[in-house]
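Everything on this sheet refers to the single structure shown next.
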Amino acid sequence: MPAVLSLIQELATFEKEPDAVVVTVADLERDGFGKNPLFYTFVAEIDSQIVGMALYYYRYSTWKGKTIHLEDLIVKEKMRGSGLGYQLYAAVIAQGQKEQVRRIEWAVLDWNTPAIDFYVKSGARVLDDWRVAQMDEQGIKNFGK
C-alpha cells in the first residue's frame, strides 16, 4: 500500500491538488484488506516495482443493480503511453464482466482530454449533462447546524 499511496499522491499532483490527499497507508490497509474490503486494486508491476494501479469498488444503482465504480486509474508519468493504463482498464472491465455488473462508471476531469479521448475511443460515453456533487469533511460536520 505504500506504493499505491505514492501513486495516489502523484495523481493528486497531476490533478493540481497536491495537498488534498489525507488517506494514509494504514487507512488503505485497513479499508482494503479487512473482513469487508471497501475497495479492490489491480496493480501493474515492472521489475518488482508497482508503476500503476486501478482502484475500484462495487456500488448499487437503483436503475441498473450491481455496478463498479473505478475510483482511480493511475500510471506513473514515466510509464504513460506504455499500454499499462490500457491493461489496468481492461482488467477492471474484465472484472465487471466476471461479476456481471450492468455498468462501470468513473469521473474524469473536463480538461484531461487525453483520458477523455482514450475512454471515448474504448467505447465509453462521457456524460456532459451530469454534475458531480460532494460534501467534504467540513460540510459533513456543519450539516444541520
Side-chain angles (χ1 to χ4, degrees), residues 1-140:
M1 288 294 98
V4 167
L5 181 55
S6 176
L7 287 165
I8 292 167
Q9 290 168 326
E10 185 173 328
L11 178 65
T13 299
F14 173 76
E15 292 183 349
K16 301 174 177 63
E17 296 220 35
D19 299 322
V21 177
V22 297
V23 73
T24 66
V25 170
D27 294 332
L28 292 168
E29 290 173 346
R30 178 195 64 232
D31 297 339
F33 298 93
K35 184 178 178 185
N36 296 305
L38 298 177
F39 67 86
Y40 303 89
T41 56
F42 289 111
V43 296
E45 289 183 78
I46 295 184
D47 298 327
S48 300
Q49 298 289 320
I50 294 176
V51 295
M53 70 98 176
L55 189 145
Y56 68 96
Y57 55 89
Y58 292 93
R59 292 174 57 171
Y60 196 84
S61 165
T62 56
W63 290 9
K64 301 295 181 186
K66 187 176 182 180
T67 68
I68 284 177
H69 181 82
L70 174 58
E71 179 64 21
D72 280 320
L73 174 63
I74 309 164
V75 175
K76 282 192 168 286
E77 186 175 11
K78 66 181 180 179
M79 299 304 299
R80 291 184 193 143
S82 68
L84 289 175
Y86 178 84
Q87 291 175 1
L88 289 164
Y89 182 65
V92 173
I93 294 170
Q95 183 67 24
Q97 292 169 335
K98 177 182 168 187
E99 293 292 326
Q100 298 180 337
V101 302
R102 293 195 175 114
R103 180 172 64 209
I104 300 171
E105 58 197 0
W106 59 93
V108 60
L109 290 166
D110 62 358
W111 55 261
N112 192 348
T113 53
I116 292 168
D117 293 344
F118 169 80
Y119 295 137
V120 170
K121 186 176 178 182
S122 79
R125 290 183 308 132
V126 177
L127 306 175
D128 292 327
D129 53 345
W130 284 82
R131 300 281 189 233
V132 175
Q134 296 181 337
M135 186 176 288
D136 65 13
E137 193 173 5
Q138 192 61 49
I140 294 165

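If you read the sequence from its start, that first residue is 1, and numbering goes on from there.
- One distance of note links CG of D31 with CZ of F39; it measures 6.5 Å at 0.5 Å rounding.
- Within the 4.5 Å cutoff, no side-chain heavy atoms of F14 are placed close to those of E77.
- Across K35 and P37, no two heavy atoms sit closer than the pair O-CD, 3.5 Å.
- In plain terms, the two heavy atoms of L73 and A54 that are nearest each other are CD1-CB, 3.9 Å.
- To the nearest 0.5 Å, atoms CG (L38) and CZ (R30) are separated by 8.5 Å.
- Taking OG1 of T13 as the start and CG of D19 as the end, the distance is 8.0 Å to the nearest 0.5 Å.
- Across all their heavy atoms, Y56 and T41 have their closest contact at CE2-N, 4.4 Å.
- Of all the heavy atoms in A44 and L88, the pair that sits closest is N-CD2, 4.0 Å.
- Inter-residue side-chain proximity for L84 and I46 is flagged as met; some heavy-atom pair is nearer than 4.5 Å.
- Residues V25 and P2 come closest through the heavy atom pair CG2-CA, 3.8 Å.
- Side chains of S61 and R102: no donor on one and acceptor on the other come within 3.5 Å.
- Residues Q49 and K76 form no side-chain contact, since every pair of their non-hydrogen atoms from C-beta on lies 4.5 Å or further apart.
- One distance of note links CD of E15 with CD of E10; it measures 11.5 Å at 0.5 Å rounding.
- D129 CG: more than 12 foreign heavy atoms inside a 6.0 Å radius.
- The shortest side-chain heavy-atom distance between Y58 and E99 falls under the 4.5 Å cut-off.
- Using bins of under 30°, 30° to 60° and over 60° for the plane-to-plane angle, the ring pair Y89/Y119 lands in the tilted bin.
- The structure places CD1 of I8 at 5.5 Å from CG of L5, a figure rounded to the nearest 0.5 Å.
- Considering CD1 of I74 and CG of L55, their distance stands at 8.0 Å, rounded to 0.5 Å.
- No side-chain heavy atom of K64 sits under 4.5 Å from any side-chain heavy atom of V101.
- Ring pair F118/Y86 is perpendicular by interplanar angle, where above 60° counts as perpendicular and below 30° as parallel.
- Between R103 and W63, every side-chain heavy-atom pair lies at or beyond the 4.5 Å cut-off.
- Here the shortest heavy-atom pairing between L70 and W106 reads O-CB, 3.2 Å.
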